[in-house]
2 protein chains.
Amino acid sequence: MKAFQSYKNPSLAVDLVVFGYHNNILSVLLLNRKEEPFKDTWVLPGAFVQMEETFLHTCCRVLQTKLGMDNVYLEQLYSFDAIERDPRGRAVSVAYFALVNPQKFTVTAGQMANDVKWFPVKKLPVLGFDHKEIFKMARQRLQSKILYAPVSFELLDDLFTMTELHELYECILEVELDRRNFRRKILDAEYIVNTGTKREGLQNRHPDLYRFNRKLSKHHFHLNIATN
Amino acid sequence: MKAFQSYKNPSLAVDLVVFGYHNNILSVLLLNRKEEPFKDTWVLPGAFVQMEETFLHTCCRVLQTKLGMDNVYLEQLYSFDAIERDPRGRAVSVAYFALVNPQKFTVTAGQMANDVKWFPVKKLPVLGFDHKEIFKMARQRLQSKILYAPVSFELLDDLFTMTELHELYECILEVELDRRNFRRKILDAEYIVNTGTKREGLQNRHPDLYRFNRKLSKHHFHLNIATN
DNA sequence: ACACTTTGTGTTGTGGTTACACAAAGTAGA
DNA sequence: TCTACTTTGTGTAACCACAACACAAAGTGT
């Protein structure tokens with residue numbers, strides 16, 4: 001058996017769709033390229049996969065060095081392989097998506113970028129490479145995943161109110177959900193636990209504070225969204 | 001802007017989980033390696049991605065040259081990146097799964113393999129590399145996909161009876177489904193069309209023959225499998 | 001004390017699913 | 001040809017989950 005040396009291989013990169021949620025707005029983290037190709041254009045953060053690192057390792061490297069983030073939810077999305085997707089030559093990209101609470105971090109541009117910014121998913125600029133396509137798939141994946149897996153909490157604070165969770169779902173799914181039916185579904189599924197404490201402050205009646213139920217039974221959870 | 005030449009990249013391969021269904025048995029196509037590593041061990045068919053080809057192209061190359069197959073359903077599954085997954089060196093594998101009607105092809109071993117054989121998913125041999133893991137994920141994906149997407153027909157003949165379709169679902173999902181309720185669900189979803197013809201032959205009452213409904217509305221279809 | 005907002009809880013009607021029964025169509029054997 | 005048996009097609013009743021509601025409780029400000 002001989003190790004492979006001989007063949008030339010496509011470049012291998014990881015690209016990240018980092019979702020953040022704040023003030024009823026779902027946003028994506030983009031970075032402005034300093035160099036060609038797509039100089040001064042917004043793109044998804046990413047990096048080439050080193051010979052001795054896993055995809056997840058590459059993801060963390062990007063998150064830490066380029067974005068100053070740490071310990072976030074990551075999931076592999078899809079691998080993109082169009083021949084012409086990178087003008088510099090053949091390059092394959094393994095896309096991941098991340099869910100982040102933007103409050104926990106303040107993003108700053110690394111050396112490679114002019115700027116790093118959160119963009120509401122409703123107001124995206126033109127993206128370089130095939131990153132629009134990658135983003136679209138990530139958005140869809142998030143929409144379907146939130147219906148059957150407890151990932152929404154990654155976007156919120158540890159403690160949150162039912163209304164906050166409810167608005168998050170409406171924002172991501174882009175539909176209206178009956179407040180009271182939503183509450184029952186979430187509670188029945190045992191996704192969350194009432195902490196007994198209440199949010200004190202500005203508004204009217206003080207709402208209960210919940211937290212994610214870590215010892216979650218495999219109870220199948222499915223939100224049936226009516227197509228009104 | 002300069003083209004990238006300098007960096008060394010991991011090897012990039014495609015591996016295929018080819019599912020076939022016949023006589024109430026779901027099988028996977030495996031091939032017996034002629035060379036190290038994993039000489040004389042069963043593995044998933046695969047090939048290295050050439051510089052100028054897409055993943056799908058690589059898939060078709062494998063299907064045609066190694067297995068003598070053509071025009072089959074293909075879907076990207078996941079990309080596997082464990083550092084030590086190939087003893088020859090760093091190699092990333094993009095896994096695809098294929099759905100095939102085994103009746104349409106007779107598989108023969110290509111030059112690279114000792115043998116090619118269908119194995120019932122219930123009686124798999126030991127697999128080389130991390131192919132057991134890839135297979136498991138493919139199996140799960142098939143199970144969930146069949147519940148909301150019309151992929152099952154890829155495994156059957158053009159014309160089929162309701163009982164055949166019903167048994168296929170039970171086989172893949174590994175649960176019992178009420179015959180009559182299954183019929184109604186499938187028909188309501190307009191997945192299939194009654195051809196008006198009947199299957200003549202050996203048995204008792206001659207069953208209606210159906211075919212897949214090609215002009216299928218986006219009608220959401222979801223089989224709720226009870227967890228008995 | 002009152003109007004108003006937000007939050008927590010309960011109820012009712014309906015549509016879809018499950019769990020059945022039964023008739024129709026064919027085969028095989030006496 | 002009559003009967004027993006198998007498979008296939010169709011219908012129905014009970015039930016459950018969901019959607020669409022009303023209403024009470026807990027705050028705020030005037």
Where at least one partner belongs to residues 153-172 of chain B, residue pairs that pass salt bridge (charged side-chain N to carboxylate O under 4.0 Å, His left out), sequence neighbours excluded: B:Glu164-B:Arg199
message: Assess the residue pair A:Asn32 and A:Asn114 against the criterion (side-chain hydrogen bond (donor to acceptor under 3.5 Å, both in side chains)); give the C-alpha distance rounded to whole Å, side-chain angles, the decisive distance to 0.1 Å, and a yes or no.
response: CA-CA 5 Å; A:Asn32 199 285; A:Asn114 295 322; 3.1 Å; yes
task: Starting from P on C:dT9, measure out to CD1 on A:Ile186 and report it in whole angstrom.
output: 15 Å
statement: Rounded to 10°, the helix from C:dA1-D:dT30 to C:dA30-D:dT1 deviates from straight, judged by its five-pair end axes, by 0°
- request: Round to a whole Å and report the spacing from CD of B:Glu200 to P of D:dT8.
  value: 14 Å
message: Output the rounded distance in Å from CG (A:Leu187) to C1' (C:dG8).
response: 10 Å
message: Centroid separation under 6.0 Å, is that true for the rings of A:Phe182 and A:Tyr169?
response: yes
message: Rounded to whole Å, please give me the gap between CG in B:Leu165 and C1' in D:dT8.
response: 15 Å
message: According to salt bridge (charged side-chain N to carboxylate O under 4.0 Å, His left out), does anything in residues 123-135 of chain A pair up with another residue at least two apart or in another chain? List the pairs.
response: A:Arg85-A:Asp130
message: Please report the distance, rounded to the nearest Å, between CZ in A:Arg205 and P in D:dA26.
response: 6 Å
- request: Specify the residues of residues 178-185 of chain A, ordered by number, for which at least one heavy atom lies under 4.0 angstrom from an atom of DNA chain C.
  value: A:Arg179, A:Arg180, A:Arg183, A:Arg184
Below 3.5 Å is the cut-off: list the nitrogen or oxygen pairs between protein and nucleotides 28-30 of chain D, distance only.
none

statement: When rounded to whole Å, the CG to C1' distance for the pair A:Leu177 and D:dA20 reads 14 Å
task: Using whole Å, report how far CG of A:Asn194 lies from P of C:dG8.
output: 8 Å
field: Residue pair A:Leu29, A:Met69: steps toward the side-chain contact (heavy atoms from CB on, under 4.5 Å) verdict
entry: CA-CA 12 Å; A:Leu29 204 53; A:Met69 288 177 173; 3.7 Å; yes
task: Find the distance between CZ (B:Phe105) and CG (B:Asn71) and round it off to the nearest 0.5 Å.
output: 7.5 Å
message: Restricting to side chain to side chain contact (heavy atoms under 4.5 Å, CB included), what partner residues turn up for B:Ala13, sequence neighbours left out?
response: B:Phe48
A:Asp188 CG to D:dC16 P, straight-line distance once rounded to whole Å: 15 Å
